[in-house]
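This report concerns only the one structure given below.
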Amino acid sequence: MRGSVAGIISEALKAARQDGSITSADEVNVIIEKPKLPKFGDYSTNIAMLLAPKEKRAPRDIAAQLAEKIAASDTVDKSEVAGPGFINIFLKPSYWTGVLMEVLEMDGDFGTSEYGAGKKVQVEFVSANPTGPLHIGHGRGAAVGDALANILKAAGFDVTKEFYINDAGKQVKNLGESVDLRRREYLGEDIELGENHYKGDYIKDIALTYLKHQEEGGVLGGSSSIEDFACEAMLSLVRTDLAAFGVEFDEWFSESSLDKKIDEAIEELREKGHVYDKDGAVWFRTEALGDDKDRVLIKADGERTYFASDIAYHRDKLHRGFEGLVDIWGADHHGYEARVRASLKALGYDDSLLSIIFIQMVSLMREGVPVQMGKRSGEFITLRHVIDEVGRDACRYFFLMRKADAQLDFDLELAKKEATENPVYYVQYSHARICSILDHASAKSVKLPTEVTDISVLSPLSSQGDIELIKKLSAFEELVTKCAEDMEPHRVTYYLQELAGAFHSYYNANRIVSEEEKDVTTARLYLCVAVRTVIANGLRLLGVSAPEKM
RNA sequence: GCGCCUGUAGCUCAGCUGGAUAGAGCGUCGGACUACGAAUCCGUAGGUCGGGGGUUCGAAUCCCUCCAGGCGUACCA
């Protein structure tokens, strides 16, 4: 779409250079945009304004020469010079029916591109400690990570989704102890929970399950420690919740599997001269690489820090051949970024291959009033609770409505409302509505062939309304690549709301199925099919269903 | 103190590498179903883009500074 407009412009520039009206041979970073106002055309470019300083001539003068050459293209209806030197390009309706044809042909693939060129990227997200159920913050990370992975895939990247299991540190030990204490409690002992022990009811559940397994003389009786058992149980809970949320990972990477690799990583840093000993601890010279201060890798007591395993983990990712890394972290970890980047640089990598997306806080609301979360009891609102209450679709959509690094108010009541004010229903409704229109049409025995073979079938689509809607569809392709480039899945929700809105307006303004005008009906039904396709493709990127009935 | 994020309509937020008259939803107010789903649509009102400088043909967008809010600044994980 935009590509071919860019082609028209560069052809015009080439022609101008050939006939000598443009003399500078410098590359210019041309911007092609879609003007807000229809009188400024379908596309507009600032190329003349960029050339003006190089040519040392008035922008409007240059624009006039280029506009003439642009108008010569057979897809261009007319081309005008406006304002300080914009060139506004008006395309022929046949251009737009061509676009519609493309949507229909590509169907489920419309929106995909080769932008990523098969580059291997890894998206690591959620990575929650297996010490408790997932809460809503994890849910937001899961929704963003999964949607981003879908978008990157659509944009032509080779994507791997990974969950990093923190199963080596002290917190897993605390988990094991917590379960063990509850186990002994069930056996009649008096117990006292320490400050670091987990107090949620899920701990009791695990303790009970453990006892049951023991009674049955299960496999876990001897070989496996209660700590491993608890960790496994927690993980399976996490997997279940993620499955309920529709999120699947390609890899589950265990921190404990790193072990020797941590020493290797430290050794490599030492060889490269980034490590020194002080006060009985081993330090990493991160300050020289952009961090606020140097960091400890091995504590005076001999334990390796969490940071040390994180270095080893990222090193391992790169050894696995990923050319791009995406880490999705809670916003409270942003202080961590500088040291991780420092470690990549120290290991000899360009740290720009790592992108970190920070997930800001979610405030749960109920009709505008914040939902209290008992901090003392340690009872967070779990992701599972929210999925069960508002449904998976609404939950995912709401998590994706704001850009990741902006705080999000999640109103449970709004998410459940089946009304205009709820964007999920608004978008899904447009899909269901189209399905219903198509049913209606076939009941009236207006049948569409499975494939459009002749573009002239679409030629009745020439009104302003028809063209506007097709334009909206065409924007989807570049939206997807843009979202991939900037790693901002939230824009898909805005786009879908706009497209759904455009369709609803169109529907109210135009009779689609009409028995008198068969040609118009057929063409419009194809337009409906294309809108439905794009809505479905967009929702699929978000991991939200596209219902045929609601 | 230093660092990161945020500040756009009454509310919640979009605004792509600087572009032409700053947008949407909700909420206000007023309209539209004897035809395809009114879970919809149409219209109306509402803004010194936190303040002040600068860069240029042109700034919500880039730079500096100040103000306000959030978060982070561990030999914790």
Side-chain angles (χ1 to χ4, degrees), chain A residues 29 31 33 35-37 39-40 44 46 49 52-53 58-59 82-86 88 129 131 166 168-172 174 196 255 278-283 291-293 295-307 309-310 330-338 358 360-361 365 368 401-403 405-409 411 414 417-423 425-426 428-430 432-441 443-444 446 478-479 482-483 485-486 488 490-491 493-495 497-498 500-501 503-515 521 524-525 528 549-550:
Chain A
N29 185 22
I31 292 174
E33 59 162 19
K36 289 166 210 152
L37 298 172
K39 67 171 177 174
F40 294 140
S44 121
N46 65 346
M49 272 126 71
F86 290 104
N88 296 332
N129 290 344
T131 54
N166 294 111
K170 211 169 283 177
Q171 75 280 24
V172 176
N174 291 336
N196 292 326
E255 180 187 1
K278 193 182 89 180
D279 304 332
V282 176
W283 293 74
D291 197 5
D292 296 337
K293 49 176 282 194
R295 306 290 171 178
V296 170
L297 296 175
I298 303 175
K299 298 186 269 179
D301 65 8
E303 291 245 349
R304 296 172 299 198
T305 59
Y306 182 83
F307 177 43
S309 48
D310 242 7
D332 54 342
H333 285 68
H334 76 246
Y336 217 74
E337 176 170 9
F358 293 101
Q360 265 292 356
M361 297 267 287
M365 315 283 276
M401 279 198 306
R402 303 271 171 268
K403 59 178 168 228
D405 60 2
Q407 287 203 7
L408 169 71
D409 288 337
D411 197 307
L414 174 59
K417 260 184 206 161
E418 299 185 353
T420 321
E421 53 188 312
N422 185 345
Y425 284 93
Y426 186 77
Q428 289 184 321
Y429 178 60
S430 66
R433 196 179 216 184
I434 294 171
C435 293
S436 166
I437 294 166
L438 295 172
D439 283 348
H440 172 82
K444 295 255 177 195
V446 184
E478 60 197 71
L479 173 92
K482 196 67 191 164
C483 286
E485 192 182 338
D486 298 339
E488 292 188 336
H490 75 277
R491 282 200 213 141
T493 65
Y494 282 91
Y495 171 79
Q497 279 160 249
E498 283 170 22
F503 175 73
H504 286 312
S505 295
Y506 180 83
Y507 171 84
N508 275 276
N510 300 283
R511 178 77 208 167
I512 292 169
V513 180
S514 148
E515 309 202 30
T521 297
R524 287 191 170 157
L525 284 174
C528 288
K549 283 192 169 51
M550 295 173 67

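Side chains are part of it too, since the values below use all heavy atoms of this structure and drop only hydrogens, waters and symmetry mates. Here is the naming used below: chain letters follow the sequence lines, and residue numbers restart at 1 for every chain.
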Base-pair string, RNA chain B, Watson-Crick plus G-U, cut-off 3.5 Å on both distances, | for inter-strand, is (((((((..((((.....[...))))..((((.......))))......(((((..]....))))))))))))....
Between A:Y426 and B:C41, does any side-chain N or O lie under 4.0 Å from OP1 or OP2?
-> yes
message: Can you confirm whether A:E337 sits close enough to A:F358 that some side-chain heavy atom of one is under 4.5 Å from a side-chain heavy atom of the other?
response: yes
Select base, sugar-phosphate, or nothing to describe what A:A338 touches, counting heavy atoms under 4.0 Å on all strands. nothing
Checklist entry - Ignoring hydrogens and angles, does a donor from either the side chain of A:H333 or the base of B:G72 sit under 3.5 Å from an acceptor on the other? => result no
Base orientation of B:C13, chi within 90° of 0 counted as syn, else anti, reads anti
For A:H504, which contact category applies under a 4.0 Å heavy-atom criterion: base, sugar-phosphate, or nothing?
sugar-phosphate
Any base atoms under 4.0 Å from A:S514, or only sugar-phosphate, or nothing? Heavy atoms, all strands. nothing
Practice item. Check whether any side-chain nitrogen or oxygen of A:K170 sits under 4.0 Å from OP1 or OP2 of B:C75, and answer yes or no. Key: no
Review point. Does a side-chain N or O from A:K299 land closer than 4.0 Å to OP1 or OP2 of B:A77, or not?
Key: yes
Hey, is the side chain of A:R433 poking within less than 4.0 Å of OP1 or OP2 on B:A38, counting only N and O atoms? yes
Sorted by chain and number, sequence neighbours left out, salt bridge (charged side-chain N to carboxylate O under 4.0 Å, His left out) with A:K444 holds for A:E515
When all nucleic acid strands are considered with a 4.0 Å heavy-atom cut-off, which category describes A:R491: base, sugar-phosphate, or nothing? sugar-phosphate
Considering only heavy side-chain atoms of A:K403, the closest of B:G15, B:C13, B:G19 is B:G15
